[in-house]
Amino acid sequence: MINSELKTRDLSVVWHPCTQMKDHEWLPLIPIKSGRGVYLEDYDGKRYLDAISSWWVNLFGHCNPAISRAIEQQLDRLEHVILAGFTHEPVVTLSERLVSITPAGLDRCFYADNGSSAVEVALKMSFHYWLNQNQPEKNRFITLSNSYHGETLGALAVGNVELYKETYKPLLMETLVAPSPDCYHREAGEDWESHTRKRFEDMLALLAQQHDRIAAVVVEPLVQCAGSMRMYHPVYLSLLRQACDRYQVHLIADEIAVGFGRSGTLFACEQAGITPDFMCLSKGLTGGYLPLAVTLTTDRVYQAFYDDYTRLNAFLHSHSYTGNPLSCSAALATLDLFEKTDVLQHNSTLARHMARQVETLRDHPHVGDVRQTGMILAIEMVKDKSTLTAFDWKERRGLKVYQYGLDHGVLLRPLGNVVYFMPPYVITEDEIELMCKTAVEGIHLATR
Ligand SMILES: *Cc1c(COP(=O)(O)O)cnc(C)c1O
């Protein structure tokens, strides 16, 4: 009853993100009343296992008691204060802890309130650093094909997923594009590392040729999440770090999706043993509770802005809710949960369990690839397995899996023809079995 009433009211006033609203003439909108652990529950008592962590933000379950309590306590002390000229304990402690857990050398935290803004901060800071160093010609960025860095105009410009970008091209700054090291299209029998190394040659050539006008290279370490969960070998990041040093170009690591354990390590950059010049974090930062983002950078970058006011070198960028105390308290409680138990070790057990549950799909006539990096597992549905020919996007095969999932109590949200899991870390082995079984059945049905 309340379900249908809410749907009607919603559809008369709300414009939903990333949605063709006309679809809702036949595709039901789902009101959610409450959440607990990996489950979301609607007003009829129907439950949905959140296999995608509500767009990759949730780490330790919905309504996690420890995070909720931390926010409640902060709520009685201070809800918000301007962060220019003022500070507060949660933002100071959070910054100390982020500096200590991120790769060595990232020593400064600049806050924003969503991932796209954290990317904008990194782009502006990088350009501005070179400007302050008297190198204004370093004002371009290199990005990878199939990359995604958010939806605001700057972030969209350095992204490369055509579906989101094409329409807005006239509004966007030009970027240089190097081919993605994505291992899906490697040659038969080739391993990830050698494919990734080969792809790096194009990046190296681009840097060698254009470095005088390049401020930074921006990458999503190890997994291009919005770009259909395409994955590559960590060697790319090591080679890129070396080349960026050699050619005096910044390296921006966008760990907004892969940070906080998704890749198997706390941060994906660790798998290559590198420190980027900028690291963008958001999504899991607050455990999926509240909007918060941070761009970490080095002391070297910080010092290039540190000067007498009248020289006008300062980074005059801000957002109203920068460093919000409630968001910071959620982030601190999230970091406590990482400290309390060996989350990464436990996740590796869960990740292996996920892999076992979908092993049979490798032989499926319409599955072109089953790939995994840590707690991210993706299954690519194809029309022709031998040539990896994709299904026509207009057939919306992924949507069929989505609908099958909902009918069976699992929230899967395929990206085109790619079905993936990115569950909260509190998922149990039984819940993994339900999630995988539903996805496997959905894939059988959608590829018939
Ligand atoms: C989600 C995402 C962003 C954008 O974050 P928003 O908070 O949605 O603006 C940027 N980069 C990556 C890699 C992401 O996955």
Side-chain angles (χ1 to χ4, degrees), residues 16-19 52-59 102 110-126 141-161 163-165 168 172 175 180-182 216-232 236-237 251-263 267-269 276 278-296 317 319-324 327 330-331 334 373-376 378 413-416 418 420-423:
H16 288 266
C18 204
T19 299
I52 59 157
S53 297
S54 284
W55 255 344
W56 322 340
V57 299
N58 192 288
L59 299 185
T102 50
F110 191 98
Y111 290 89
D113 44 24
N114 64 80
S116 306
S117 297
V119 171
E120 302 278 351
V121 166
L123 299 176
K124 284 176 71 178
M125 258 186 197
S126 172
F141 299 97
I142 298 181
T143 185
L144 295 175
S145 58
N146 192 45
S147 59
Y148 179 87
H149 299 288
E151 301 291 351
T152 56
L153 295 177
L156 197 61
V158 294
N160 210 249
V161 177
L163 179 63
Y164 307 126
K165 185 172 185 177
Y168 305 101
L172 305 177
T175 50
S180 167
D182 158 20
V217 178
V218 50
V219 295
E220 294 158 274
L222 303 188
V223 188
Q224 296 186 308
C225 292
S228 303
M229 302 294 167
R230 294 289 175 79
M231 301 173 183
Y232 59 89
Y236 196 86
L237 300 172
L251 173 55
I252 301 173
D254 175 354
E255 294 227 16
I256 289 164
V258 295
F260 298 102
R262 292 287 182 200
S263 73
F267 299 104
C269 282
F278 300 90
M279 182 186 265
C280 303
L281 301 172
S282 188
K283 294 206 163 103
L285 175 58
T286 62
Y289 262 71
L290 288 164
L292 184 69
V294 60
T295 303
L296 287 115
H317 179 109
H319 298 284
S320 312
Y321 283 101
T322 291
N324 175 262
S327 300
T334 301
T373 297
M375 285 294 277
I376 307 171
R413 201 174 191 281
L415 292 154
V418 175
Y420 70 90
F421 309 122
M422 207 195 279

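Both backbone and side-chain heavy atoms feed into the values below; hydrogens, waters and symmetry mates do not. Here the structure is a predicted model, which is why all the values come from computation and not from measurement. In listed order, ligands and their atoms are each counted from 1. Counting begins at 1 with the first residue of the sequence.
Applying the ring pair (Phe, Tyr, Trp, His ring centres under 6.0 Å) criterion to Phe141, with sequence neighbours excluded, gives no partner residue.
A donor-acceptor contact under 3.5 angstrom links the side chains of His149 and Asp254, judged on distance only.
The salt bridge (Lys or Arg N to Asp or Glu O under 4.0 Å) analysis of residues 219-230, with sequence neighbours excluded, yields the pairs Asp182-Arg230, Arg230-Glu380. Here side-chain hydrogen bond (donor to acceptor under 3.5 Å, both in side chains) pairs that include residues 282-293, with residues two or more places apart or in two chains, are Ser68-Tyr289.
In terms of heavy atoms, Ile376 sits closest to Met231 at O-CE, 3.7 Å.
For ligand 1, the protein residues within 4.0 angstrom (heavy atoms only) are Trp56, Asn114, Gly115, Ser116, Tyr148, His149, Gly150, Glu220, Asp254, Ile256, Ala257, Lys283.
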> Can you list the steps and then say if Ile256 with Trp56 is a side-chain contact (heavy atoms from CB on, under 4.5 Å)?
Replying inline: CA-CA 9 Å; Ile256 289 164; Trp56 322 340; over 6 Å; no
